[in-house]
Each structure stands twice: as C-alpha cells, then as structure tokens.
2 protein chains.
Amino acid sequence: MFGINGLLMDSSAPNEGDFDEKDLQLLEHVEDDFDKSLEELADELDLSKSAIHYRLKKHRERGVIKSVNATLDPLAFGLNMMVITNVSVTHERGYAEEIGERLSAVKGVEQVYYTMGDVDFVVISRVQNRTQMNDLIDEIISIDGVNETSSQFVMNELKTDRKVISNMSEQMRAGIGSRTD
Amino acid sequence: MFGINGLLMDSSAPNEGDFDEKDLQLLEHVEDDFDKSLEELADELDLSKSAIHYRLKKHRERGVIKSVNATLDPLAFGLNMMVITNVSVTHERGYAEEIGERLSAVKGVEQVYYTMGDVDFVVISRVQNRTQMNDLIDEIISIDGVNETSSQFVMNELKTDRKVISNMSEQMRAGIGSRTD
DNA sequence: AATGAAATCGACCAGCA
DNA sequence: TGCTGGTCGATTTCATT
C-alpha cells in the first residue's frame, strides 16, 4: 500500500500523456486563466472555436483537467499568517495513514505531505492570528501518535502557483509520456 | 471620500472582510467548483441568478476572487515525483529577495516560501524522474548565496487543495474583518 | 477529430427597494 | 448598495462529415 509509487499512481488513472503542442499551449492557457473566451483561445492557437471546445472537453473527460476553480485571496479573509510544520510520528506502522487524515482535517491546514526521512509529515497552514496559530499547533500535537513538531513561520510567499505546465522545463515537456525514471 | 481609513483602503488593498453568510457560501462553492451554473448556485443559496452574478462580479472587482483557473492533474504529464527542499543561504542581507526569485525561476519549482529560523527557504518541486530531481537540486545549489540544502522526498500528497474557505474554522469565519492579532 | 446549426447559459442594462 | 427581470450575445451541445 505504501509503495514508492503506490499512492501517487492510484485509482483516478494516471493518464498517459498524449498531447500535441497545441494541447500543451491550450492547457497552459486555461491553467493560468479560464476566463478567456473560446474565440481568444482560438485566435492564439490558430484553431477554430469548436476545435478548442472539443479539446477542452476531451481533457476534462480524461481527467487531465480535474476541475475549474475560483482562486481566492486569503488576505481578503484575514488569513495573513502561514506556518510550515514538520511533524514526526511514533513509528507504529499503519497509523501513518490515519495520522495523515487527522492532520488534513485540522482547520486551517492547507497542505499535508507524507515524506521519507526523519520528518514524517510536512504540514502547511494558514491562520488569522497568533492565537489561532498556537491553537492549531496544539491540535496537531494532541493527535495520537504525533511525536514531535517544529514550525517555521512564513515571512513571505514568493511563489504559490500551481501552474503545472508553465513550471515545466523543456526537458519535462519532452518527457511527457515517456517513462524514464 | 477619504475618511479615517482612507489610506488603508487603497488600490491593491488587502480587502477588509465585508462578507455575509451568503457570500461565504457562494465563495466556498466557486472555490470548489466553478463549473456550476448560475442557476444551480441560485437554487442552493436561495438567491436569483442575477444576484449571484452581481455578487460574483463584485468579488472579482474587489480582488477577493483573484482568477479562475483550470486545475490540471500533474500525473497526466508524468510529474509523479515531489520534493520538499529546505534551503539555507549565506546571510548577506539584501540577497534574500534575489535568491527567492532565482529559486522561483527554477523549472519544476512549484512553491517557494521565505521563512523565519535556521532554514531560510522552503521549496516544493515537482519532476518526472530521478534525473530531473538531481538536476533540480543541483541547480538550486548552484544559485549564488545558497549555502546548504536538504531534501525530503514526498511519498504521498495527502492534501493539496487551496480551498481557503473550507479550510477555515468557525472561529476563523467569525474572525473575518476583525483584527485581533 | 473537426464542423456548423440549434438550444442553452451567462453578461449586461435600466429601473426599483 | 443590493437586487430584479428581460434582452442580447456567447457558449455548449449535437448531428454530420
């Protein structure tokens, strides 16, 4: 269950790459901004409006486009403090998954990663003030199996975007579909 | 026009909260799924289609909704390895910002945080294979001013969503607008 | 996989509470 | 300021190639 690739390659079918350059351009565009009209996209990519629509639909059906979401400004809700917490747990195997779920359920927690090495989980959270930060860390510590935590306060979010495609190098773009690991 | 708060309410203004319960519900919905039709949203929130449209437009104009984006599946592009890298830098102040920019520009890097404490940057990256992972870490090390790095391989992404609103506790929801830190 | 026509949906406006 | 109802234009869908 916890194989190296096991959890990353699960259920929702790892869609093998089958993209031409137009697809990558299109996906890069909509990843960055889904408000663009079909016409704009059609012009930029030199395709007909219908073709754009057809491709988008296909990518949705195949799960390449998982969803379309509004991106909200956390500051608009007073969420101006961010913390990165390293969590180590007591190694009674089997509990890891449950602890991960518990961590994910803590209010204010935004990201949870299970990692190899001495630190077991990396938890990224967002809160409004110091009181909430203390409460959040207390809640994490109180989870059964959590051994030790150490937190770093984020002073500046330099990059937070999830732009999968524009983050890729040329090499990565070339490597789509090929499995050379 | 420019009252007591005038200067605080300017242009790029961290938008002070001014949300009723309907706003929060609406924003929670569109943050989770922007594909819902105005009609669906109108039904769920007991408002007219026009009212939903009106509110969404307002939130956009105020920057509460920063953008609308397609969320892509990284696995569809073979990006099935994730690394969290702690980067410490030589403390010649003033360089930090430039180093942050350089880190952000490295292909494959998804998130960069500048933190307090002994570790200076936390960098989260996504690559397709071990070769790319090594290349990426080499590139980070080669950045001028970077002192030391230590990386953790991510075995499982338990939570990666940026659902600002659904991640908030009741206390946080109540705390919108009030500044009690 | 792409097209064009027909049905559906969202954007905008003037007016109103 | 927030909302309504109606109109117009854009988008989605579908039958065809």
Side-chain angles (χ1 to χ4, degrees), chain A residues 13 15-73 76-77 176-177, chain B residues 1-6 8-11 13-72 76-77 165 173 176-177:
Chain A
N15 312 277
E16 288 301 316
D18 183 26
F19 306 103
D20 61 18
E21 190 52 35
K22 298 274 187 200
D23 281 318
L24 292 179
Q25 286 177 28
L26 174 59
L27 290 167
E28 184 170 3
H29 271 106
V30 296
E31 188 180 27
D32 185 58
D33 179 11
F34 203 83
D35 284 324
K36 281 180 179 159
S37 70
L38 289 185
E39 203 156 15
E40 276 180 284
L41 291 168
D43 285 350
E44 289 174 36
L45 300 192
D46 252 317
L47 287 171
S48 72
K49 286 198 288 185
S50 309
I52 296 285
H53 185 260
Y54 177 85
R55 283 174 184 245
L56 285 176
K57 197 182 164 207
K58 185 184 64 181
H59 293 315
R60 256 178 215 259
E61 281 163 358
R62 297 194 178 166
V64 175
I65 295 176
K66 293 204 291 184
S67 61
V68 177
N69 311 89
T71 300
L72 306 186
D73 180 7
F77 308 98
I176 291 171
Chain B
M1 179 68 187
F2 286 126
I4 296 270
N5 289 321
L8 292 172
M9 306 287 284
D10 77 347
S11 56
N15 312 278
E16 290 298 318
D18 183 26
F19 306 104
D20 61 18
E21 191 52 35
K22 299 273 187 201
D23 281 318
L24 292 179
Q25 286 178 29
L26 174 58
L27 290 167
E28 185 169 1
H29 272 105
V30 296
E31 188 180 28
D32 185 58
D33 178 11
F34 202 84
D35 285 325
K36 282 179 178 159
S37 70
L38 289 186
E39 203 156 15
E40 275 180 284
L41 290 168
D43 285 350
E44 289 175 35
L45 300 191
D46 251 316
L47 286 171
S48 73
K49 285 199 290 184
S50 313
I52 297 286
H53 181 78
Y54 177 86
R55 283 174 184 246
L56 285 176
K57 197 180 164 209
K58 186 185 67 181
H59 293 314
R60 255 179 216 258
E61 281 162 359
R62 297 195 178 165
V64 175
I65 295 175
K66 293 204 290 184
S67 61
V68 177
N69 312 90
T71 299
L72 306 186
F77 308 99
I165 296 195
R173 284 173 90 115
I176 292 171

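Model, not experiment: these values are computed from the prediction. Here is how names work: the chains are called A, B, and so on, in the same order as the sequence lines, proteins then strands, and each is numbered from 1.
- Rounded to an integer number of Å, the gap from A/Y54 OH to D/dT16 P is 18 Å.
- In this structure, the helix from C/dA1-D/dT17 to C/dA17-D/dT1 shows an angle of 40° between the axis at its start and the axis at its end, each fitted on 5 base pairs and rounded to 10°.
- Taking 4.5 Å as the limit, every side-chain heavy atom of A/L26 sits out of range of all side-chain heavy atoms of A/L47.
- The residue B/K49 sits apart from the nucleic acid: no heavy atom pair falls under 4.0 Å.
- Look at B/R60 and A/D35 and you find a salt bridge, because one of the NZ, NE, NH1 or NH2 atoms lies within 4.0 Å of a carboxylate O, short of that distance.
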Open item on the list: Applying side-chain contact (heavy atoms from CB on, under 4.5 Å) to B/I52 and B/E39, what does each step give before you reach the verdict?
Closed with: CA-CA 9 Å; B/I52 297 286; B/E39 203 156 15; over 6 Å; no

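- The NZ atom of A/K36 sits 18 Å away from the C1' atom of D/dT11 (whole-angstrom rounding).
- Closest approach of A/F34 to B/A70, counting heavy atoms only: CD1-CB, 3.9 Å.
- In this structure, CG of B/L38 is placed 17 Å from P of D/dA10, rounded to the nearest angstrom.
- Between the P atom of D/dG5 and the CD1 atom of B/I52 lies a distance of 14 Å, rounded to the nearest Å.
- Atom-to-atom, CG of A/D35 to P of D/dA10 comes out at 16 Å; the value is rounded to the nearest Å.
- At least one side-chain heavy atom of B/L72 sits under 4.5 Å from a side-chain heavy atom of A/I65.
- In this structure, of D/dT13, D/dG2, D/dT11, it is D/dT13 that holds the atom nearest to the side chain of A/H53.
- For the atom pair A/F77 CZ and B/L27 CG, the distance stands at 5.0 Å (nearest 0.5 Å).
- Salt bridge absent: B/D43 and B/K36 never bring a charged side-chain N and a carboxylate O closer than 4.0 Å.
- Across every non-hydrogen atom of B/D23 and B/R55, the tightest pair is OD1-NH1, 3.0 Å.
- Of all the heavy atoms in A/E31 and B/N69, the pair that sits closest is O-ND2, 3.0 Å.
- We find that CG of B/L45 is positioned 12 Å from P of D/dT4, with the value rounded to whole Å.
- Put simply, chain B comes within 4.0 Å of DNA chain C, heavy atom to any atom, from C/dG10 to C/dC12, going 5' to 3'.
- The phosphate of D/dG5 has neither OP1 nor OP2 within less than 4.0 Å of any side-chain N or O from B/S50.
- Rounded to whole Å, the distance from CG on A/L56 to P on D/dT13 is 11 Å.
- Distance B/D20 CG to D/dT1 C1': 12 Å, rounded to the nearest Å.
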